[in-house]
Q: 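Would you mind keeping the following structure in view while I ask a few things?
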Amino acid sequence: MIKDITFGQYFPAKSIIHRLDPRIKLVLSLMFIIFIFVAQNAVSLAFIGTLTLLFVLISRVPVSLFLKNIKAILFVIILTSVLNALYVTTGNVLLEFWIIKITADGVKRALFMSARIIILIISSSLLTYTTTPTELTDAIERLLKPLRFIGLGEAVHVMAMMITIALRFIPTLIEETDKIMSAQKARGADLESGTLFERIKALIPILVPLLISSVRRAYDLAEAMECRCYNGGSGRQRMKQLKLAGRDYLSLAVLVVCMSAIIAFNIIF
Amino acid sequence: MDNIIEVSDVTFEYTDNDNVSTVLKNLSLSVERGSFTVILGHNGSGKSTLAKLMSGLLKPDSGTVTVDGITTADEQNEIEVHRRVGMVFQNPDNQIVATIVEEDVAFGPENLGLPPNVIRERVDSALKTVDMYDYRLHAPHKLSGGQKQRVAIAGIIAMEPECIVFDEPTSMLDPKGRREVMDTIYRLNKEKNITIVLITHYMEEVEKADRVVVMDSGEILLDGKPSDVFSQVEKIKEIGLDVPQTTELLYLLKQNGYELPDGVIATGDCVSELLALLRRENCGNTEC
């Protein structure tokens with residue numbers, strides 16, 4: 001069923017990572033991703049890889065979910081590895097024919113890049129698996145709040161409001177698409193066979209009613225929001241105030257220590 | 001008499017490609033504070049337009065609408081009008097803004113800029129009032145129609161308005177959802193003393209109202225206590241509306257020569273009238 005599609009990829013579980021303040025989680029994730037690229041040698045990369053694995057275990061999100069994400073971009077990993085292996089031509093030659101020359105340095109480089117991409121994927125999915133889309137939107141709105149000093153406060157609020165409403169209406173619109181599809185099938189519409197062009201054409205009787213009803217919904221929602229005194233972001237207060245707890249400071253401290261270790265490893269080895 | 005809403009001599013027109021269609025014609029209506037008013041009328045009678053005028057969403061072309069003494073026509077008063085008169089619409093899906101029930105209920109108070117702890121209190125109490133407190137952390141799209149509509153109502157009462165205008169709140173719900181929503185509306189009127197204006201075409205929802213207004217092509221046709229309005233069965237049927245089944249039954253019996261009162265709406269009243277009739281009839285035929 002089309003209804004089963006989930007948006008975002010939040011995995012509910014009880015872990016310290018789930019409970020972290022979304023703002024902190026977002027900032028830490030960004031820092032972590034930057035440091036994947038700061039890691040310059042095998043030791044620091046192995047260290048950051050171990051850390052990632054540790055975080056995955058702490059998050060209590062099933063490892064299989066991460067593997068699924070890696071599988072989805074396997075092609076990109078292979079392509080990067082091959083290109084890197086071909087590009088680097090220094091070091092011991094392992095294999096040589098025609099214009100292709102594979103060297104030990106090239107293989108090393110390819111492995112290094114693959115590891116980087118895999119760690120990058122795991123750490124960014126860790127953020128989306130442990131944070132709901134709502135929390136993420138909220139975190140972005142609050143983190144970008146200082147932009148109001150350069151007159152962008154309302155723009156930030158409007159963007160966040162749009163994302164919230166989009167998230168709210170995705171399930172509703174999926175349900176509606178399902179209904180329209182059933183209604184058109186009952187009228188004899190054929191959605192599953194024919195050439196690609198014919199199938200795209202068959203979607204028109206589904207998209208047009210969906211578009212019209214979305215416009216109507218938008219109009220209704222605007223009136224309902226007006227009735228609830230919505231007047232943009234100015235003067236608006238939030239019920240849930242995000243407050244940094246001990247665990248947030250702790251995680252920040254842990255990350256700073258780890259980052260220093262990576263810089264140290266880069267210099268020593 | 002203390003009126004929360006005063007509609008005086010209001011005309012409202014829609015212009016569509018140079019075709020002007022008058023929706024309301026010199027209409028006047030006042031709603032007493034704390035009362036329960038039902039507005040009846042079929043599609044195109046102007047009842048939804050009247051609802052939007054009362055809640056300040058639309059401005060009259062001529063005449064004035066005042067809410068608690070504030071003129072709705074003035075743009076500056078908009079927020080003040082909306083915080084006094086809330087409005088609940090037909091489609092529950094199209095009124096819910098947030099992805100979590102309690103955050104949606106908080107939307108109104110957040111817009112009013114209240115302190116976070118006050119918002120929290122209002123949200124909790126509003127959800128308890130509509131009996132949805134246990135669902136506060138649920139996603140709205142997973143609720144039933146009746147539950148969604150109750151969340152929408154909670155979103156309005158969290159702003160603590162004096163009056164709520166309901167625009168056909170039950171027309172998209174199943175019988176169970178309809179009963180849940182109607183029970184909630186009665187409770188708001190009786191326990192919270194919130195003025196209710198209910199727009200509907202379900203006759204059963206009229207029973208507990210203090211006053212019924214029947215509209216037809218932009219004008220008020222009948223206005224009074226439910227029993228008085230429903231005494232005029234012919235007039236109501238003439239404009240294509242139905243009367244409650246109980247009223248209809250007694251009306252038909254009366255047409256056939258039985259001595260029965262007009263304008264009976266509640267099922268219990270209908271039953272006792274019929275019992276009394278049976279007793280009288282029996283006494284006529286046999287000795288008692």
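Labels below follow one simple rule: chain letters A, B, ... track the order of the sequence lines, proteins then strands, and each chain is numbered from 1.
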Q: Go through B:Leu57, B:Val85, B:Leu112, B:Ile156 and name the one with the most non-hydrogen pairs under 4.5 angstrom from chain A.
A: B:Leu57

Q: Counting only non-hydrogen atoms closer than 4.5 Å, does B:Lys142 touch chain A with its backbone (N, CA, C, O), its side chain (CB onward), both, or neither?
A: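 The answer is neither part of B:Lys142.
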
Q: With a strict 4.5 Å heavy-atom criterion, list every residue of residues 222-236 of chain A that contacts chain B, or say none.
A: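 Within residues 222-236 of chain A, the residues that come under 4.5 Å of chain B (heavy atoms only) are A:Glu223, A:Ala224, A:Met225, A:Glu226, A:Cys227, A:Arg228, A:Cys229, A:Tyr230, A:Asn231, A:Gly235, A:Arg236.
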
Q: Output the residues of residues 208-215 of chain A for which the shortest heavy-atom distance to chain B is under 4.5 Å, in residue-number order; output 'none' if no such residue exists.
A: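 Counting heavy atoms that sit under 4.5 Å from chain B, no residue of residues 208-215 of chain A is involved.
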
Q: Measure distances from A:Phe169 to the heavy atoms of chain B and classify the residue's part below 4.5 Å as side chain, backbone, both or neither.
A: side chain

Q: Does atom CZ of A:Arg60 have more than 12 heavy-atom neighbours from other groups under 6.0 Å away?
A: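 No, CZ of A:Arg60 has 12 or fewer neighbouring heavy atoms, counting only those of other groups under 6.0 Å.
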
Q: Hey, which residues of residues 158-165 of chain A are touching chain B, say heavy atoms under 4.5 Å apart?
A: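 So the qualifying residues are A:Met161, A:Thr164, A:Ile165.
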
Q: Mark yes when over 12 heavy atoms from residues, nucleotides or ligands other than B:Tyr135 sit less than 6.0 Å from its OH; otherwise mark no.
A: no

Q: Chain A heavy atoms under 4.5 Å from B:Leu114: which part of the residue, side chain, backbone, both or neither?
A: backbone

Q: With chain A as the partner, which of B:Ile119, B:Asn94, B:Val88 has the greatest number of non-hydrogen pairs under 4.5 Å?
A: B:Asn94

Q: Do the non-hydrogen side-chain atoms of A:Gln237 and B:Pro115 ever get within less than 4.5 Å of each other?
A: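 A side-chain contact under 4.5 Å is absent here.
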
Q: To the nearest 0.5 Å, what is the distance between NE2 on B:His141 and CD1 on A:Ile174?
A: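 The CD1 atom of A:Ile174 is 8.5 Å from NE2 of B:His141, to the nearest 0.5 Å.
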
Q: Are there over 12 heavy-atom neighbours, none belonging to B:Arg187, within less than 6.0 Å of that residue's CZ?
A: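 Check passes, neighbour count above 12.
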
Q: Is B:Val123 in contact with chain A via its backbone, its side chain, both, or neither, using a 4.5 Å heavy-atom distance?
A: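 Only the side chain of B:Val123 comes within 4.5 Å of chain A.
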
Q: To the nearest 0.5 angstrom, please state how far the CG atom of B:Asn91 sits from the CZ atom of A:Arg217.
A: 5.5 Å

Q: Calculate, to the nearest 0.5 Å, the distance between atoms OG1 and CG belonging to B:Thr99 and A:Leu167 respectively.
A: 6.5 Å

Q: If you count heavy-atom pairs under 4.5 Å with chain B, which of A:Arg238, A:Gln241, A:Lys240 comes out on top?
A: A:Arg238

Q: If you compare all heavy atoms of A:Leu221 against all heavy atoms of B:Ile96, which two are closest, and at what distance to 0.1 Å?
A: CD1-O, 3.9 Å

Q: Taking 4.5 Å as the heavy-atom cut-off, does anything in residues 100-107 of chain B contact chain A, and if so which residues?
A: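 Residues of residues 100-107 of chain B touching chain A at under 4.5 Å: B:Glu102, B:Glu103, B:Asp104, B:Val105, B:Ala106, B:Phe107.
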
